[in-house]
Asks: 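One structure follows; several queries about it will come next.
Only this structure's heavy atoms are used, side chains among them; waters, hydrogens and symmetry mates stay out.
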Amino acid sequence: QMAPFAALILKDPEVRAPMARRLRGTAETLTSHGVKVLEVELEGDSVLERLFFTLQTWDFVSCYLALRDGIDPCRVDLLESFKQKLRSQI
C-alpha cells in the first residue's frame with residue numbers, strides 16, 4: 001500500500017490501441033497497489049485544442065495543489081534567484 005497518492009490519466013479520444021492498452025495496464029497496476037486513479041477525457045475537436053486542454057488542466061491542478069498545501073503557486077524560488085542574478089548583471 002502506497003502513501004496517499006493519486007494518478008491522473010488524461011485520455012485522448014484518438015489514442016491508438018497500443019497506447020490505450022498501456023494506459024489501462026498502468027491504471028490497473030496502480031490501482032492494485034492502492035493508488036487512486038482518476039481518468040479525464042481530453043476535450044477538444046483537434047489535436048491542438050486537446051493539447052491546450054491538457055496544459056490548462058495541469059496548470060490548474062498544480063495551482064490548486066499548491067494553494068491547498070499553503071504554497072504560493074506564483075513564486076518559484078529557482079526562477080526568483082535567476083531573475084535576481086539577471087537584475088544584478090544589468
Side-chain angles (χ1 to χ4, degrees):
Q1 187 79 3
M2 296 182 75
F5 181 74
L8 179 62
I9 295 179
L10 301 177
K11 297 175 71 175
D12 188 327
E14 294 182 20
V15 69
R16 294 190 174 133
M19 180 56 76
R21 284 192 299 275
R22 287 186 195 107
L23 289 171
R24 263 193 315 277
T26 299
E28 290 168 4
T29 300
L30 291 171
T31 300
S32 72
H33 284 84
V35 176
K36 183 175 183 174
V37 175
L38 307 168
E39 296 184 6
V40 175
E41 192 79 28
L42 298 181
E43 296 179 13
D45 295 328
S46 68
V47 173
L48 188 59
E49 285 180 6
R50 289 190 299 276
L51 171 67
F52 280 107
F53 176 82
T54 302
L55 293 170
Q56 181 181 2
T57 300
W58 283 118
D59 192 42
F60 173 79
V61 168
S62 65
C63 287
Y64 172 81
L65 293 174
L67 290 170
R68 183 196 71 180
D69 294 341
I71 298 169
D72 179 358
C74 297
R75 181 171 176 80
V76 177
D77 291 334
L78 179 62
L79 291 177
E80 295 300 322
S81 65
F82 178 69
K83 289 179 196 176
Q84 184 65 30
K85 187 174 185 176
L86 287 177
R87 282 192 289 270
S88 70
Q89 293 176 357
I90 296 176

Asks: With rounding to the nearest 0.5 Å, note down the distance linking CD in Q56 to CG in D59.
Replies: 8.0 Å
Asks: Same hydrophobic cluster for F53 and L48, using side-chain heavy-atom links shorter than 4.5 Å among ILVMFWY?
Replies: no
Asks: Could you pull out all residues at least two apart from D77 that satisfy side chain to side chain donor-acceptor pair (under 3.5 Å)?
Replies: R75
Asks: Rounded to the nearest 0.5 Å, what separation is found between the OG1 atom of T26 and the CE atom of M19?
Replies: 8.5 Å
Asks: Looking at side-chain heavy atoms only, is the closest gap between L65 and R68 below 4.5 Å?
Replies: yes
Asks: Can you hop from W58 to F52 via hydrophobic side chains spaced under 4.5 Å?
Replies: no
Asks: SG/C74 to CG/L79 distance, rounded to the nearest 0.5 angstrom?
Replies: 11.5 Å
Asks: Please round to the nearest 0.5 Å and tell me the distance separating atom CG of L23 and atom CD of E39.
Replies: 8.0 Å
Asks: Testing the basics here: between S81 and L78, what is the closest heavy-atom pair and its distance to 0.1 Å?
Replies: OG-O, 2.9 Å
Asks: Given the rule that I, L, V, M, F, W and Y join up when any side-chain heavy atoms are under 4.5 Å apart, are V40 and L51 in one cluster?
Replies: no
Asks: Are V76 and L67 connected in a single hydrophobic cluster, I mean Ile/Leu/Val/Met/Phe/Trp/Tyr linked by side-chain heavy atoms less than 4.5 Å apart?
Replies: no
Asks: Where do L42 and L10 come nearest, in terms of heavy atoms and distance?
Replies: CD2-CB, 3.6 Å
Asks: How long is the span from the CZ atom in R24 to the CZ atom in R21, to the nearest 0.5 Å?
Replies: 7.5 Å
Asks: Atom CD in Q84, atom OG in S88: separation rounded to 0.5 Å?
Replies: 6.5 Å
Asks: How close do V37 and A27 get, counting heavy atoms only, and between which atoms?
Replies: CG2-O, 3.8 Å
Asks: Can you see which heavy atom on P13 is nearest to which on R50, and at what distance?
Replies: CD-CD, 3.7 Å
Asks: Hydrophobic clusters join Ile, Leu, Val, Met, Phe, Trp and Tyr when side-chain heavy atoms are under 4.5 Å apart, directly or via other members; which others share one with V47?
Replies: none
